[in-house]
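For this chain, numbers begin at 1 and follow the sequence in order. Order of listing sets the numbers, starting from 1, for every ligand and every atom in it.
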Amino acid sequence: MSAPITTASGAKFARILSTGSYRPERNVTNAEICERIDSTDEWIRERSGIIERRYAALDETVVDMGSAAAAQALERSGVSPAEIGMVLTATVTHPYQTPSAAAEIAYRIGAVNAGALDIAAACAGFCYGVGLANDLVRGGSAKYVIVIGVEKLSDWTNQADRGSAFIFADGAGAVVIGPSQTPAIGPTIWGADGAQKDAITMTQSLIDYRNNGGESFPTLVMQGQLVFRWAVSEIPKVAQRALTAAGVQISDLDVFIPHQANMRITDAVAKAMKLPAHVSIARDIAYTGNTSAASVPLAMDRMLEAGEILHGGTALLVGFGAGLTFASQVVILP
Ligand code: UT7
């Protein structure tokens, strides 16, 4: 007979304790983008809702930006760095296969007792991280978890590609998740459809790049219309399933924070869900662009800081992107 083993058990519930963000300094206007692609400020605003976006400096890294956002969230949480049990970094733009961005971020913020790993779920990555952090805290594997969404998409964008150069941008957002007396993170509805892996992908692998003699550095390439149609038809259903799983009526929501992919996708999803007029909608894309895994925590942090939404309000989060991946949950805001 096998020996009995002790299993961990954690807090009954988990919650988001704080947010943090980092927005790089450099503003990139649509006029600047139009120096490199055949487009206009008007077209970009109308088709994507983007007015300007931020680019990191050439020497500014995913680790730099992620550490800044995480440090701010940590400071606001009042949790000491040594109490963090896990650092989850959602990113697809850290330029090393190994080590992870999370390991270096954990070191930089003083999370000396934390495990660390990166989540490669593209624009759904932050919501994947919130779901995982909730389970880690409740399962007893970590008392506190930092979830970071960070991207430097400018490094992996073909600045001459008309289909994507105006969309992608850089930034970082983070939250600290820890124990709660009351339910504050609903079940995560998530999934992945690898049959659609080519909808958003890279032009070639790094191995192909090397074997081709270093020509045409790999960049992101997206079948924009296909992704647009998929998001508008599938994401309202995913978000509704997250509401149902949490037992929350749409009328009880205070804010809807979808991945900031395109303002028209946000509008179409909100309309398909019949989102009541009193529910605030994140529209951070206008001045931030599409920052993939960073977009949901950046939007959350901005809305809280600007007083557009209330601390303690009920928010519906949903991320979706390359994979194709998606994840959604209802959370109580810190
Ligand atoms: O974050 C990860 C997930 N990503 C997304 O969710 C992005 C989803 N897709 C999109 O947001 C949109 O597909 C885009 C914003 C990327 C493109 O908008 P669209 O409305 O789907 O444009 P389109 O590709 O259907 O092109 C419409 C027209 C075409 O001209 P014709 O054939 O109608 O004459 C294009 O040639 O717009 C033209 N066009 C442009 N015109 C000016 C395409 N790109 C540009 C451009 N500037 N940059």
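Counting protein heavy atoms only, atom 36 (O) of ligand 1 is closest to Arg162 NH1, 3.4 Å. Protein heavy atom at the shortest distance from atom 27 (C) of ligand 1 is Arg47 NH1, 3.7 Å. Nearest protein heavy-atom neighbour of atom 9 (N) of ligand 1: Gly224 O, 3.0 Å. At the top of the distance list for atom 15 (C) of ligand 1, counting protein heavy atoms only, stands Asn262 ND2, 3.3 Å. Nearest protein heavy-atom neighbour of atom 17 (C) of ligand 1: Trp43 CH2, 4.1 Å.
Of the heavy atoms in Cys123, only side-chain atoms (C-beta onward) come closer than 4.0 Å to ligand 1. Neither the backbone nor the side chain of Ile44 has any atom closer than 4.0 Å to an atom of ligand 1 (non-hydrogen atoms only). If you look at Ile200 next to ligand 1, the close heavy atoms, those under 4.0 Å, all belong to the side chain.
Distance remark: protein heavy atom present below 4.0 angstrom from atom 6 (O) of ligand 1. The presence of a protein heavy atom under 4.0 Å from atom 47 (N) of ligand 1 is confirmed. Within a 4.0 Å radius of atom 31 (P) of ligand 1, the protein contributes no heavy atom.
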Criterion side chain to side chain donor-acceptor pair (under 3.5 Å) on Glu60 and Tyr22, from CA distance to verdict:
CA-CA 12 Å; Glu60 199 168 31; Tyr22 177 79; 2.3 Å; yes

Would Leu136 and Ser141 count as a side-chain contact (heavy atoms from CB on, under 4.5 Å) here? Give the steps.
CA-CA 5 Å; Leu136 288 168; Ser141 299; 3.7 Å; yes

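Donor-acceptor pairing under 3.5 Å is lacking for the side chains of Glu215 and Asn212. Ser21 and Asp301 form a side-chain donor-acceptor contact under 3.5 Å, judged by distance and modelled atom types alone. Using modelled atom types, one finds no donor on one side chain facing an acceptor on the other under 3.5 Å when comparing Thr291 with Glu151. With no hydrogens or angles considered, a side-chain donor-acceptor pair links Arg15 and Thr182 at under 3.5 Å. The closest side-chain donor-acceptor pair between Arg53 and Asn30 falls under 3.5 angstrom.
Below 30°, between 30° and 60°, or above 60°: for Trp230 and Phe326 the angle between ring planes is between 30° and 60°, a tilted geometry.
The option from Met222, Glu151, Gln225 that lies nearest to atom 21 (O) of ligand 1, judged by heavy atoms, is Gln225. Among Ala231, Ala293, Gly163, the residue whose heavy atom lies nearest to atom 16 (C) of ligand 1 is Gly163.
Less than 4.0 angstrom separates some heavy atom of Ala261 from each of these atoms of ligand 1: 5 (C), 6 (O). The ligand atoms of ligand 1 that sit less than 4.0 angstrom from a heavy atom of His259 are 1 (O), 2 (C). Atoms of ligand 1 lying under 4.0 Å from any heavy atom of Asp38, numbered from 1 in the order shown and given with element: 42 (C), 47 (N). Taking every heavy atom of Phe166 and a limit of under 4.0 angstrom, the matching atoms of ligand 1 come to 15 (C), 48 (N). For ligand 1, the atoms sitting less than 4.0 Å from at least one non-hydrogen atom of Ile265 are 6 (O), 8 (C), numbered in the order shown with element in parentheses.
A salt bridge does not link Arg283 to Glu308: none of the charged nitrogens lies less than 4.0 Å from a carboxylate oxygen. The pair Lys271-Asp267 fails the salt-bridge criterion, with no side-chain N (NZ, NE, NH1 or NH2) lying under 4.0 Å from an Asp/Glu carboxylate O.
Taking the six-membered ring for Trp and the full ring otherwise, the centers of Tyr128 and Trp190 sit less than 6.0 Å from each other.
The distance criterion of under 3.5 Å between nitrogen or oxygen atoms is met by Asn290 with respect to ligand 1.
Each of Thr157, Asn290, Asp161, Ile44 was checked for a side chain to side chain contact (heavy atoms under 4.5 Å, CB included) with Phe166, and the lone residue meeting it is Ile44.
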